[in-house]
Amino acid sequence: MKTVTSNGAVLHVQVDGPDTGPVVMFANSLGTDLRVWDPLLPHMPKGLRIVRFDNRGHGLSDCPAAPYDMDTLVSDAEAVVDALELTNVAFVGLSIGGLMGQGLAARRPDVMRALVLMDTAAKIGSPEMWGDRIAAVQSGGLEPMGDAILDRWFAPEMRNDATRLAPWRNMLIRTPVDGYVGCCAAIAGADFTASTAALTLPVMAMAGSEDGATTPELVEATAKLCNATFHVIPDAGHLPCVEAPDTVGALISDFLKEVGHV
């Protein structure tokens, strides 16, 4: 089990594949951990060096007291890059992970090769919206909000399958309150509109057609900011890597080939 320390927090890191393979680094969404990528990995090209890590406050990473800020979360991703001496990184970020990817691409163009933005945007929601969610979670925990969050995460077919849904609900509601609201605070204060518009590396963006958290229209607007190609994943919600891993894997594989990463 690998760990990297960043700003006083120990982050859980998992590395798979050959040390000499092209690097693809993944950053997970709010309320999930690095296992959110498990369904996708079999659909990725062979021979990659796959780097995943649990965001602070999630999975097996440390959970410092809330709130967090986006600069700290971007520094966490940067710490993983530097500790593992990664170069020519293709970064795949989901939701808050996509915000981190945008921040890292702006801060460290020397290590970034390409960027995939999945169900994310340069700015997500409003401070007032996130403030309301933070207050609700601090008051009652994540359990009462679980169903509403899962409605945004998944399309109806997935939501109606209790057996498939159960592990993801468990992952969500077992997220520490400080970790969840800490990351909510980071999202509330994040606005990468200007820096993302200035990015020059290749970018691909995608969104699930049924995403109730970051709608396809919101993701497409960010794609236009940075001249990214944009795809809508049919019959998928906020986590298309879970609901449509074959489609997402094919899109990412084609993108990596187009940019010469594989």
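Small disclaimer: the values here were computed from a predicted structure and weren't measured. All values below come from the heavy atoms of this structure, side chains included, with hydrogens, waters and symmetry mates left out.
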Does one side chain, of [X] or [Y], offer a donor that lies under 3.5 Å from an acceptor on the other?
X	Y	answer
Ser95	His238	yes
Ser75	Arg107	yes
Ser61	Asp54	no

Take Ile252 and Met204 through the side-chain contact (heavy atoms from CB on, under 4.5 Å) test and state the conclusion after the steps.
CA-CA 8 Å; Ile252 295 176; Met204 178 178 71; 4.0 Å; yes
[Y] reachable from [X] in the ILVMFWY side-chain graph, under 4.5 Å edges:
X	Y	value
Met118	Leu99	yes
Leu251	Phe91	yes
Phe230	Met206	no
Met129	Val137	yes
Val232	Leu218	no

Identify the two heavy atoms, one from [X] and one from [Y], that lie closest to each other, and give their separation to 0.1 Å.
X	Y	answer
Asp33	Gly59	CB-CA, 3.7 Å
Ser195	Ala106	CB-CB, 4.0 Å
Leu165	Arg159	CD2-O, 3.7 Å
Ala79	Val4	O-CG1, 3.7 Å
Lys123	Ala190	CG-O, 3.9 Å
Lys257	Val262	CG-CG2, 3.5 Å

Okay, side chain of [X], backbone of [Y]: is any donor-acceptor separation there less than 3.5 Å?
X	Y	result
Arg152	Thr214	no
Thr120	Leu117	no
Thr32	Asn28	no
Thr222	Ala122	yes
Asn55	Gly97	no
Glu243	Ala155	yes
Trp168	Trp153	no
Asn160	Pro156	yes
Thr215	Asp211	no

Any [X] side-chain heavy atom under 4.5 Å of [Y] side chain:
X	Y	value
Thr3	Val13	no
Leu84	Val51	yes
Phe255	Pro202	yes
Met25	Val80	yes
Trp130	Ile124	yes
Asn88	Pro22	no
Val248	His43	no
Val242	Met158	yes

Could you grab the distance from atom [atom1] of [X] to atom [atom2] of [Y], nearest 0.5 Å is fine?
X	Y	atom1	atom2	value
Thr196	Leu115	OG1	CG	8.0 Å
Ile96	His58	CD1	NE2	7.0 Å
Arg169	Arg174	CZ	CZ	10.5 Å
Asp235	Ser209	CG	OG	5.5 Å
Tyr180	Met145	OH	CE	5.5 Å
Leu172	Asp147	CG	CG	9.5 Å

Assess whether side-chain contact (heavy atoms from CB on, under 4.5 Å) is satisfied between Phe26 and Val36, documenting all intermediate values.
CA-CA 10 Å; Phe26 293 87; Val36 77; over 6 Å; no
Are Asp16 and Arg52 ion-paired here, with the side-chain N under 4.0 Å from a carboxylate O?
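Yes.
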Just to verify, which of Asp178, Asp62, Thr72, Asp76 counts as forming a side chain to side chain donor-acceptor pair (under 3.5 Å) with Arg56?
Asp76
Using side-chain contact (heavy atoms from CB on, under 4.5 Å), reason through Glu78 and Arg108 one step at a time and then give a plain yes or no.
CA-CA 8 Å; Glu78 184 178 22; Arg108 293 294 303 276; 3.0 Å; yes
Assess the residue pair Leu142 and Ile149 against the criterion (side-chain contact (heavy atoms from CB on, under 4.5 Å)); give the C-alpha distance rounded to whole Å, side-chain angles, the decisive distance to 0.1 Å, and a yes or no.
CA-CA 9 Å; Leu142 278 162; Ile149 293 172; 4.1 Å; yes
